[in-house]
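These notes are about the structure you will find just below.
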Amino acid sequence: MNPSLSKLLLGWYSEHGRTLPWRETDDPYSIWVIETLLQQTRISQAGDILKRFLLRFPTVESLATAPLEAVLQIWQGLGYYQRAHNLHRAAQLLHAIGGFDAFWKLKGQTPEALMTLPGIGAYTARAILSFSRKGDFLPVDGNVVRILSRLWADPTPKNRRSIYQEKADALPLSWRKREVAYALMDLAQLICTPKRPKCLLCPLSTECRASREGQAESFPPPAPRRNRPIRHYAFYLYSTAEKVWLEKRPANGLWGGLWCVPMTSLESPPQTVPDLQHDLTHFRLLGYVVRSTEPPPYTSAIPWAELALYGLPAPIRRLLMHEAERHRASLSL
DNA sequence: AACGCGGGGAA
DNA sequence: TTCCCAGCGTT
(Lines give C-alpha, C1' and ligand atoms only; values in the text may rest on other atoms or scores of the structure.)
Protein backbone atom coordinates (compact mmCIF):
# COMPACT_ATOMS: atom_id res chain seq x y z
CA MET A 1 0.00 0.00 0.00
CA ASN A 2 1.51 3.29 -1.01
CA PRO A 3 0.22 6.83 -1.67
CA SER A 4 0.73 6.65 -5.45
CA LEU A 5 -1.72 3.78 -5.48
CA SER A 6 -4.53 5.82 -4.00
CA LYS A 7 -3.67 8.66 -6.39
CA LEU A 8 -4.08 6.37 -9.42
CA LEU A 9 -7.25 4.93 -7.98
CA LEU A 10 -8.92 8.23 -7.15
CA GLY A 11 -7.93 9.63 -10.52
CA TRP A 12 -9.68 6.76 -12.22
CA TYR A 13 -12.68 7.08 -9.90
CA SER A 14 -13.21 10.77 -10.63
CA GLU A 15 -13.63 9.89 -14.28
CA HIS A 16 -15.22 6.44 -14.30
CA GLY A 17 -16.84 6.03 -10.89
CA ARG A 18 -20.52 5.17 -10.70
CA THR A 19 -23.08 7.58 -9.33
CA LEU A 20 -25.24 5.52 -7.01
CA PRO A 21 -28.24 7.18 -5.38
CA TRP A 22 -27.36 6.03 -1.86
CA ARG A 23 -23.95 7.66 -2.05
CA GLU A 24 -25.81 10.97 -1.90
CA THR A 25 -27.28 10.46 1.58
CA ASP A 26 -25.54 10.63 4.92
CA ASP A 27 -28.42 9.22 6.93
CA PRO A 28 -27.03 6.34 8.97
CA TYR A 29 -30.36 4.51 9.05
CA SER A 30 -30.76 4.51 5.28
CA ILE A 31 -27.16 3.42 4.81
CA TRP A 32 -27.60 0.66 7.38
CA VAL A 33 -30.67 -0.67 5.58
CA ILE A 34 -28.96 -0.47 2.20
CA GLU A 35 -25.81 -2.22 3.35
CA THR A 36 -27.83 -4.95 5.03
CA LEU A 37 -29.91 -5.60 1.95
CA LEU A 38 -26.79 -5.72 -0.19
CA GLN A 39 -25.04 -8.32 1.97
CA GLN A 40 -24.18 -11.14 -0.42
CA THR A 41 -26.71 -9.64 -2.83
CA ARG A 42 -26.24 -7.88 -6.14
CA ILE A 43 -27.48 -4.33 -6.57
CA SER A 44 -29.63 -5.41 -9.52
CA GLN A 45 -31.35 -7.99 -7.35
CA ALA A 46 -32.01 -5.79 -4.32
CA GLY A 47 -32.96 -2.57 -6.12
CA ASP A 48 -36.75 -2.80 -6.12
CA ILE A 49 -36.99 -4.23 -2.61
CA LEU A 50 -34.66 -1.51 -1.36
CA LYS A 51 -36.96 1.20 -2.68
CA ARG A 52 -40.05 -0.44 -1.21
CA PHE A 53 -38.32 -1.01 2.11
CA LEU A 54 -37.25 2.60 2.63
CA LEU A 55 -40.64 3.84 1.49
CA ARG A 56 -42.44 1.58 3.95
CA PHE A 57 -39.88 1.95 6.78
CA PRO A 58 -38.23 5.37 6.36
CA THR A 59 -36.97 5.67 9.94
CA VAL A 60 -35.68 3.59 12.83
CA GLU A 61 -38.96 4.18 14.62
CA SER A 62 -41.14 3.08 11.72
CA LEU A 63 -39.13 -0.15 11.45
CA ALA A 64 -38.98 -0.75 15.20
CA THR A 65 -42.73 -0.39 15.67
CA ALA A 66 -43.71 -2.48 12.65
CA PRO A 67 -44.48 -6.19 13.05
CA LEU A 68 -41.78 -8.57 11.85
CA GLU A 69 -44.39 -9.97 9.46
CA ALA A 70 -44.48 -6.67 7.59
CA VAL A 71 -40.71 -6.63 7.30
CA LEU A 72 -40.59 -10.16 5.93
CA GLN A 73 -43.35 -9.34 3.47
CA ILE A 74 -41.12 -6.70 1.90
CA TRP A 75 -38.03 -8.90 2.21
CA GLN A 76 -39.54 -11.99 0.57
CA GLY A 77 -37.64 -13.38 -2.37
CA LEU A 78 -34.38 -11.73 -1.37
CA GLY A 79 -33.03 -14.60 0.72
CA TYR A 80 -30.96 -14.74 3.91
CA TYR A 81 -34.03 -13.89 5.92
CA GLN A 82 -32.13 -13.76 9.20
CA ARG A 83 -30.94 -10.38 7.95
CA ALA A 84 -34.51 -9.10 8.21
CA HIS A 85 -34.99 -10.56 11.69
CA ASN A 86 -31.73 -8.98 12.88
CA LEU A 87 -32.44 -5.62 11.25
CA HIS A 88 -35.84 -5.50 12.88
CA ARG A 89 -34.50 -6.55 16.28
CA ALA A 90 -31.64 -4.05 16.12
CA ALA A 91 -34.05 -1.27 15.16
CA GLN A 92 -36.06 -2.07 18.28
CA LEU A 93 -32.94 -1.95 20.45
CA LEU A 94 -31.92 1.33 18.86
CA HIS A 95 -35.38 2.83 19.14
CA ALA A 96 -35.58 1.85 22.80
CA ILE A 97 -32.59 4.01 23.68
CA GLY A 98 -33.65 6.92 21.47
CA GLY A 99 -32.29 6.27 17.99
CA PHE A 100 -28.87 6.76 16.43
CA ASP A 101 -28.07 10.11 18.04
CA ALA A 102 -28.61 8.65 21.49
CA PHE A 103 -26.63 5.57 20.48
CA TRP A 104 -23.61 7.64 19.43
CA LYS A 105 -23.68 9.52 22.74
CA LEU A 106 -24.08 6.39 24.77
CA LYS A 107 -21.74 3.98 22.99
CA GLY A 108 -19.58 6.11 20.74
CA GLN A 109 -19.13 6.27 16.97
CA THR A 110 -16.98 3.18 16.58
CA PRO A 111 -17.26 -0.07 14.64
CA GLU A 112 -17.05 -1.97 17.91
CA ALA A 113 -20.08 -0.16 19.29
CA LEU A 114 -22.17 -0.85 16.18
CA MET A 115 -21.09 -4.46 16.10
CA THR A 116 -22.92 -5.06 19.37
CA LEU A 117 -26.15 -4.76 17.37
CA PRO A 118 -27.46 -7.97 15.77
CA GLY A 119 -26.76 -8.21 12.05
CA ILE A 120 -23.98 -5.61 12.07
CA GLY A 121 -20.55 -7.09 11.54
CA ALA A 122 -17.12 -5.72 10.71
CA TYR A 123 -18.07 -4.63 7.21
CA THR A 124 -21.49 -3.12 7.87
CA ALA A 125 -20.32 -1.25 10.97
CA ARG A 126 -17.57 0.50 9.02
CA ALA A 127 -19.84 1.12 6.05
CA ILE A 128 -22.42 2.85 8.23
CA LEU A 129 -19.83 5.10 9.89
CA SER A 130 -17.81 5.85 6.80
CA PHE A 131 -20.62 6.37 4.30
CA SER A 132 -22.64 8.53 6.72
CA ARG A 133 -19.46 10.58 7.32
CA LYS A 134 -19.26 9.83 11.02
CA GLY A 135 -15.76 8.49 10.50
CA ASP A 136 -13.40 7.53 7.72
CA PHE A 137 -13.13 3.79 7.22
CA LEU A 138 -12.45 1.44 4.35
CA PRO A 139 -14.96 -1.39 4.76
CA VAL A 140 -13.45 -4.53 3.28
CA ASP A 141 -15.99 -6.51 1.28
CA GLY A 142 -15.65 -9.16 -1.39
CA ASN A 143 -14.75 -6.54 -4.00
CA VAL A 144 -11.91 -5.08 -1.96
CA VAL A 145 -10.60 -8.54 -1.13
CA ARG A 146 -10.45 -9.41 -4.81
CA ILE A 147 -8.48 -6.32 -5.75
CA LEU A 148 -6.04 -6.49 -2.85
CA SER A 149 -5.37 -10.18 -3.26
CA ARG A 150 -4.54 -9.56 -6.93
CA LEU A 151 -2.46 -6.49 -6.18
CA TRP A 152 -0.24 -8.56 -3.93
CA ALA A 153 -0.77 -11.93 -5.60
CA ASP A 154 -1.65 -13.05 -2.12
CA PRO A 155 -1.97 -16.83 -1.89
CA THR A 156 -3.63 -16.73 1.52
CA PRO A 157 -6.56 -19.08 0.99
CA LYS A 158 -8.79 -17.79 3.76
CA ASN A 159 -9.06 -15.29 6.56
CA ARG A 160 -8.13 -12.65 4.00
CA ARG A 161 -10.98 -10.39 4.84
CA SER A 162 -10.10 -9.85 8.49
CA ILE A 163 -6.40 -9.40 7.66
CA TYR A 164 -7.13 -6.84 4.97
CA GLN A 165 -9.57 -5.06 7.25
CA GLU A 166 -6.86 -4.70 9.88
CA LYS A 167 -4.49 -3.24 7.31
CA ALA A 168 -7.15 -0.84 6.09
CA ASP A 169 -7.94 0.27 9.62
CA ALA A 170 -4.24 1.03 10.17
CA LEU A 171 -4.05 3.43 7.20
CA PRO A 172 -3.73 7.13 8.09
CA LEU A 173 -6.61 9.53 7.76
CA SER A 174 -4.96 11.20 4.77
CA TRP A 175 -5.93 8.17 2.70
CA ARG A 176 -9.52 9.40 2.31
CA LYS A 177 -10.71 5.89 2.91
CA ARG A 178 -14.36 6.50 2.08
CA GLU A 179 -13.45 7.67 -1.42
CA VAL A 180 -10.97 4.84 -1.79
CA ALA A 181 -13.66 2.36 -0.76
CA TYR A 182 -16.10 3.66 -3.37
CA ALA A 183 -13.35 3.62 -5.97
CA LEU A 184 -12.32 0.05 -5.14
CA MET A 185 -15.90 -1.18 -5.32
CA ASP A 186 -16.45 0.43 -8.70
CA LEU A 187 -13.13 -0.78 -10.02
CA ALA A 188 -13.92 -4.30 -8.86
CA GLN A 189 -17.33 -4.26 -10.51
CA LEU A 190 -16.31 -2.60 -13.79
CA ILE A 191 -12.69 -3.66 -14.38
CA CYS A 192 -11.30 -6.06 -11.81
CA THR A 193 -14.05 -8.61 -12.33
CA PRO A 194 -13.92 -12.17 -10.99
CA LYS A 195 -13.67 -13.65 -14.49
CA ARG A 196 -11.75 -12.10 -17.39
CA PRO A 197 -10.64 -8.93 -15.63
CA LYS A 198 -9.97 -6.02 -17.99
CA CYS A 199 -6.40 -5.40 -16.86
CA LEU A 200 -5.64 -3.34 -19.97
CA LEU A 201 -8.12 -0.73 -18.74
CA CYS A 202 -7.05 -0.88 -15.11
CA PRO A 203 -5.29 2.13 -13.58
CA LEU A 204 -3.50 -0.15 -11.13
CA SER A 205 -2.24 -2.75 -13.61
CA THR A 206 1.38 -1.63 -13.37
CA GLU A 207 1.19 -1.91 -9.59
CA CYS A 208 -0.58 -5.24 -9.65
CA ARG A 209 1.58 -8.27 -9.13
CA ALA A 210 -1.01 -10.78 -10.27
CA SER A 211 -1.67 -8.81 -13.45
CA ARG A 212 2.03 -8.45 -14.24
CA GLU A 213 2.36 -12.19 -13.95
CA GLY A 214 -0.73 -12.69 -16.10
CA GLN A 215 -2.42 -14.46 -13.22
CA ALA A 216 -5.10 -12.00 -12.22
CA GLU A 217 -7.87 -14.52 -12.64
CA SER A 218 -6.18 -16.95 -10.23
CA PHE A 219 -6.70 -14.56 -7.33
CA PRO A 220 -8.15 -14.73 -4.88
CA PRO A 221 -7.51 -18.46 -4.73
CA PRO A 222 -10.83 -20.28 -5.04
CA ALA A 223 -12.47 -21.51 -1.88
CA PRO A 224 -12.37 -25.28 -1.49
CA ARG A 225 -15.28 -26.72 -3.38
CA ARG A 226 -18.13 -27.70 -1.14
CA ASN A 227 -20.18 -30.48 -2.61
CA ARG A 228 -23.87 -29.79 -2.66
CA PRO A 229 -25.92 -32.70 -1.42
CA ILE A 230 -29.46 -33.35 -2.61
CA ARG A 231 -32.22 -33.27 -0.03
CA HIS A 232 -35.74 -34.46 -0.61
CA TYR A 233 -38.79 -32.84 0.94
CA ALA A 234 -42.51 -33.52 0.85
CA PHE A 235 -44.72 -30.44 0.57
CA TYR A 236 -48.25 -30.90 1.83
CA LEU A 237 -50.55 -28.78 -0.28
CA TYR A 238 -54.19 -28.23 0.53
CA SER A 239 -56.21 -25.55 -1.19
CA THR A 240 -59.64 -24.67 -2.48
CA ALA A 241 -60.70 -22.20 -5.13
CA GLU A 242 -60.76 -19.55 -2.41
CA LYS A 243 -57.99 -20.37 0.00
CA VAL A 244 -54.69 -22.12 0.61
CA TRP A 245 -53.55 -23.51 3.96
CA LEU A 246 -50.13 -22.36 5.16
CA GLU A 247 -48.03 -22.43 8.30
CA LYS A 248 -45.40 -20.03 9.54
CA ARG A 249 -41.95 -21.53 9.63
CA PRO A 250 -39.85 -21.46 12.81
CA ALA A 251 -37.89 -18.24 13.28
CA ASN A 252 -34.54 -19.96 12.89
CA GLY A 253 -33.28 -22.09 10.06
CA LEU A 254 -34.25 -22.24 6.43
CA TRP A 255 -36.85 -19.65 5.39
CA GLY A 256 -37.14 -18.56 9.02
CA GLY A 257 -40.37 -16.74 9.81
CA LEU A 258 -41.79 -17.06 6.31
CA TRP A 259 -45.10 -18.65 5.40
CA CYS A 260 -45.00 -22.01 3.67
CA VAL A 261 -46.96 -25.17 3.10
CA PRO A 262 -46.03 -27.81 5.70
CA MET A 263 -42.88 -29.66 4.68
CA THR A 264 -41.02 -32.69 5.96
CA SER A 265 -37.66 -34.03 4.93
CA LEU A 266 -37.63 -37.47 3.34
CA GLU A 267 -34.89 -39.89 4.27
CA SER A 268 -35.12 -41.84 1.04
CA PRO A 269 -36.09 -40.23 -2.26
CA PRO A 270 -39.43 -41.35 -3.72
CA GLN A 271 -39.18 -43.06 -7.09
CA THR A 272 -41.04 -40.26 -8.83
CA VAL A 273 -40.14 -37.11 -10.65
CA PRO A 274 -39.85 -34.15 -8.27
CA ASP A 275 -42.43 -31.39 -8.68
CA LEU A 276 -40.03 -28.73 -7.52
CA GLN A 277 -36.31 -28.13 -7.68
CA HIS A 278 -34.57 -25.32 -5.89
CA ASP A 279 -30.85 -24.68 -5.46
CA LEU A 280 -29.70 -23.21 -2.19
CA THR A 281 -26.16 -22.35 -1.19
CA HIS A 282 -25.45 -25.61 0.53
CA PHE A 283 -27.87 -28.12 -0.89
CA ARG A 284 -30.21 -28.85 -3.75
CA LEU A 285 -33.79 -29.16 -2.67
CA LEU A 286 -36.07 -31.56 -4.52
CA GLY A 287 -39.71 -31.19 -3.57
CA TYR A 288 -42.60 -33.63 -3.95
CA VAL A 289 -46.06 -32.15 -3.68
CA VAL A 290 -48.49 -34.23 -1.65
CA ARG A 291 -52.09 -33.13 -2.07
CA SER A 292 -53.90 -33.38 1.24
CA THR A 293 -57.60 -34.19 1.44
CA GLU A 294 -58.08 -31.96 4.47
CA PRO A 295 -56.27 -28.99 5.99
CA PRO A 296 -52.97 -30.12 7.54
CA PRO A 297 -52.67 -29.53 11.31
CA TYR A 298 -51.41 -26.18 12.57
CA THR A 299 -52.09 -24.38 9.32
CA SER A 300 -54.07 -21.22 8.63
CA ALA A 301 -56.38 -20.66 5.68
CA ILE A 302 -55.09 -17.82 3.55
CA PRO A 303 -57.39 -16.36 0.88
CA TRP A 304 -55.65 -16.38 -2.49
CA ALA A 305 -56.44 -12.69 -2.81
CA GLU A 306 -54.42 -11.93 0.35
CA LEU A 307 -51.39 -14.04 -0.49
CA ALA A 308 -49.43 -10.95 -1.51
CA LEU A 309 -49.57 -9.75 2.10
CA TYR A 310 -47.53 -12.73 3.31
CA GLY A 311 -43.81 -13.33 3.07
CA LEU A 312 -43.17 -16.53 1.13
CA PRO A 313 -39.96 -18.22 -0.06
CA ALA A 314 -39.43 -17.70 -3.77
CA PRO A 315 -39.99 -21.32 -4.85
CA ILE A 316 -43.11 -21.63 -2.69
CA ARG A 317 -44.46 -18.41 -4.15
CA ARG A 318 -43.97 -19.89 -7.61
CA LEU A 319 -45.59 -23.17 -6.61
CA LEU A 320 -48.67 -21.40 -5.24
CA MET A 321 -48.96 -19.08 -8.24
CA HIS A 322 -49.14 -22.21 -10.34
CA GLU A 323 -51.72 -23.71 -8.00
CA ALA A 324 -53.90 -20.61 -8.14
CA GLU A 325 -53.76 -20.80 -11.90
CA ARG A 326 -55.02 -24.39 -11.74
CA HIS A 327 -58.06 -23.28 -9.75
CA ARG A 328 -58.76 -20.45 -12.17
CA ALA A 329 -58.49 -22.82 -15.12
CA SER A 330 -60.86 -25.38 -13.61
CA LEU A 331 -63.39 -22.67 -12.76
CA SER A 332 -63.48 -21.31 -16.27
CA LEU A 333 -64.20 -24.72 -17.77
C1' DA B 1 -12.26 -22.54 11.14
C1' DA B 2 -16.31 -24.37 9.24
C1' DC B 3 -20.90 -24.21 8.44
C1' DG B 4 -25.91 -22.53 7.71
C1' DC B 5 -28.28 -19.30 5.37
C1' DG B 6 -31.38 -17.53 -0.73
C1' DG B 7 -31.80 -16.30 -4.75
C1' DG B 8 -30.71 -14.90 -9.28
C1' DG B 9 -27.76 -13.42 -13.12
C1' DA B 10 -23.60 -14.03 -15.81
C1' DA B 11 -20.25 -16.88 -18.11
C1' DT C 1 -23.43 -26.29 -15.02
C1' DT C 2 -20.49 -23.20 -11.80
C1' DC C 3 -19.50 -19.01 -9.65
C1' DC C 4 -20.31 -15.29 -6.75
C1' DC C 5 -22.50 -11.39 -5.00
C1' DA C 6 -21.63 -3.97 -0.55
C1' DG C 7 -21.65 -10.85 5.19
C1' DC C 8 -23.20 -12.38 9.71
C1' DG C 9 -24.06 -15.52 13.52
C1' DT C 10 -23.34 -19.93 15.56
C1' DT C 11 -20.71 -23.82 16.80
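Scope of the values below: all heavy atoms of this structure, side chains included, with no hydrogens, waters or symmetry mates. Residue numbering restarts at 1 for every chain, and letters A, B, ... go by the order of the sequence lines.
Straight-line distance from the CE atom of A/Met115 to the P atom of C/dG7: 15 Å, rounded to whole Å. As rounded to whole Å, 11 Å separates atom C1' of C/dC8 from atom CD1 of A/Ile120. Distance A/Arg146 CZ to C/dC3 P: 15 Å, rounded to the nearest Å. As a whole-Å value, the separation of A/Asn86 CG from C/dG7 P is 16 Å.
Interface residues of residues 251-266 of chain A facing DNA chain C, ordered by number: none; criterion, heavy-atom separation under 4.0 Å.
For the residue pair A/Gln76 and A/Arg317, a side-chain donor N or O sits within less than 3.5 Å of a side-chain acceptor on the partner.
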Polar pairs (N or O, both sides) under 3.5 Å between protein and nucleotides 9-11 of chain B?
none

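OP1 or OP2 of B/dG7 has at least one side-chain nitrogen or oxygen of A/His278 nearer than 4.0 Å. Contact between the side-chain N/O atoms of A/Gln39 and the OP1/OP2 oxygens of C/dG7 is not found at any separation under 4.0 Å. Note on A/Thr124: a side-chain N or O is less than 4.0 Å away from OP1 or OP2 of C/dC8.
A/Arg249 contributes a side-chain N or O that, together with a main-chain N or O of A/Leu254, makes up a donor-acceptor pair within less than 3.5 Å. Panel note: side chain A/His88, backbone A/Ala66; a donor-acceptor pair is recorded below 3.5 Å. For A/Gln73 (side chain) and A/Tyr310 (main-chain N/O), no donor-acceptor pair under 3.5 Å exists by modelled atom type.
Taking the P atom of each, B/dG6 and C/dT11 are spaced 16 Å apart, rounded to whole Å.
Aromatic pair A/Phe137/A/Phe131: centroids not less than 6.0 angstrom apart.
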